[in-house]
> 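Below: one structure in structure tokens.
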Number of protein chains: 2
Amino acid sequence: MTAPPGRRERKKAATRQKIADTALRLFLERGYDAVGIRDVAAEADVAVTTVFSHFASKEALVFEQDENFEQRLTRAVTDRAREEPLIPALRREIQALVRHCTADSAAPIWRMIDESPALRKYEESMRLRHAESLATAIAADPDLAQTTTACRTIARFAIDGYSLAREAADPETALDEIFRMIEAAWAAARRPEDVAGTARP
Amino acid sequence: MTAPPGRRERKKAATRQKIADTALRLFLERGYDAVGIRDVAAEADVAVTTVFSHFASKEALVFEQDENFEQRLTRAVTDRAREEPLIPALRREIQALVRHCTADSAAPIWRMIDESPALRKYEESMRLRHAESLATAIAADPDLAQTTTACRTIARFAIDGYSLAREAADPETALDEIFRMIEAAWAAARRPEDVAGTARP
DNA sequence: TTTTGAAAAGCTAACCGTTAGTGGTACGTT
DNA sequence: AACGTACCACTAACGGTTAGCTTTTCAAAA
């Protein structure tokens, strides 16, 4: 994995990157809808089929960082300090992600996304995928011992928080407000009979 | 609006219904992906362009009841009894919707939806639309006096509850669990300084 | 009643994302 | 040096969707 990658893998990664870079540049220059896959392929000097061997769809060209995002979320849960409670750890990571998305340099990209129904739809179902991964990571933590329903619910709430804060006029205070609600929801998820202790007969 | 509709409107509605019925029947008979728009149009004895003048996309043929669903949600908020708090009213309606979707008669349709990525994506972005409508309805209630962020958040949570409960092995208890969390989140949305009274300087 | 305007429906032909199917080429390995 | 495997290219098509234009059907003015 960390061993020096062979020439083949480097070339593949380079091709992938070149396609992604070219696509994003064209999309920003001429608008997402005005650029066809055939345009991207021609400009990146590859065949149309090569584009689709690296990316599952035209929309995926824009969300190249997809898996990165997903890993950061799950790791925020699995790699947190032993004593750190779930919600603050989640909150920290999501705040970082929101800051990343609302940075000035990312503004043109997000404007493009907001203007294209296809891209919005793609991002929405991407978020749901991330919420499922997050739910799995939460459910796997033995310290929490929650029902799968509670885990899935809190995962969705967290992703909702990311999405809503990103869109808010003041992302920071919005995230504050939302995570106060999430914290309360998480506290309520512990069933009454379990509040006194974690052990069960 | 309630006046006797002219022949033109009746014919239009009939055409629309015939297309929707034909499409759903074919989809269930042969599978969603195995039926093309051209098949639907031929079987309903209309032109392809007519199908798209009534429905925005192939997926929309399956979610014909879309607007109905949306209205029920917003009305659950706006038409609730004067003293009834928001969350229980929402809960009642969503429970009814979940029951409706998990009824045996609806099972084949939802299986078809779950098996088609395109349909799932469509349903996801439909839910977001509904969450936005719901948020608007909640924000419009003068008795609640919440920030828009809190309204949007609680609306998303409620829709998440619908979606998660629908998928759960035991929808009823899942909905119980989720709405306990939502209730707590809503209580936490009232900012500390506002708990004593609604008036502000 | 006749005329007229417009909504509804139809047809053709295309555009665009996406996917076989086929074959060639460069790379890592023996 | 030879071989097998990814990787990549090309062509051609399929299926959803739309544009452009004509025809039909209804409603209401004349």
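Quick note on labels: first sequence line is chain A, next is B, and so on, each numbered from 1.
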> Using every non-hydrogen atom in the two residues, find where K58(A) and F52(A) come nearest and quote the distance to one decimal.
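Heavy atoms only, the tightest pair is N-CE2, 4.3 Å.
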> At what distance, to the nearest 0.5 angstrom, does CG of D33(A) lie from CD of E115(A)?
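So the gap between those two atoms works out to 9.5 Å.
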> Name the residue from E70(A), Q65(A), R72(A), Q71(A) that meets the side chain to side chain donor-acceptor pair (under 3.5 Å) definition with N68(A).
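The option that passes is Q65(A).
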> Parallel, tilted or perpendicular: which describes the rings of F69(A) and Y162(A), with under 30° parallel and over 60° perpendicular?
perpendicular
> Which of residues 109-124 of chain A have a heavy atom under 4.0 Å from DNA chain D?
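Contacts with DNA chain D under 4.0 Å: none.
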> Is there any ring-ring contact (aromatic ring centres under 6.0 Å, His included) pair reaching into residues 80-103 of chain A, and which pairs are they, with sequence neighbours excluded?
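Not a single pair qualifies under ring-ring contact (aromatic ring centres under 6.0 Å, His included).
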> Taking atom CD of E177(A) and atom CZ of R180(A), what is their separation to the nearest 0.5 Å?
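Rounded to the nearest 0.5 Å, the CD-CZ separation comes out at 6.0 Å.
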> Hey, does the side chain of H54(A) come within less than 4.0 Å of dC7(D)'s phosphate (OP1/OP2), counting only N and O?
no
> How is V40(A) classified with respect to the nucleic acid when contacts are heavy atoms under 4.0 Å: base, sugar-phosphate, or nothing?
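V40(A): no heavy atom of the nucleic acid under 4.0 Å.
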> For nucleotides 10-15 of chain C, give me one character per nucleotide, 5' to 3': B if any protein heavy atom sits under 4.0 Å from the base, S if the only such contacts are to the sugar-phosphate, - if neither.
BBB-B-
> Using atom names, set out every protein N or O paired with an N or O of nucleotides 21-25 of chain D below 3.5 Å, distance rounded to 0.1 Å.
residue	atom	partner	partner atom	Å
dT25(D)	O2	R8(B)	NH2	2.7

> If a pair satisfies side-chain hydrogen bond (donor to acceptor under 3.5 Å, both in side chains) and one of its residues is in residues 78-87 of chain A, list it, with sequence neighbours excluded.
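As it turns out, the side-chain hydrogen bond (donor to acceptor under 3.5 Å, both in side chains) pairs with a partner in residues 78-87 of chain A, which skip direct neighbours, are R80(A)-D141(A), E84(A)-R92(A).
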> Between the main-chain N or O of I159(B) and the side-chain N or O of S163(B), is there a donor-acceptor pair closer than 3.5 Å?
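Pair absent, no side-chain N/O of S163(B) close to backbone of I159(B).
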> With sequence neighbours excluded, tell me which residues meet salt bridge (Lys or Arg N to Asp or Glu O under 4.0 Å) with E67(A).
none
> Where is the tightest heavy-atom contact between L175(B) and A165(B), given as atom of each residue plus distance?
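In terms of heavy atoms, the two residues are closest at CD1-CB, 3.5 Å.
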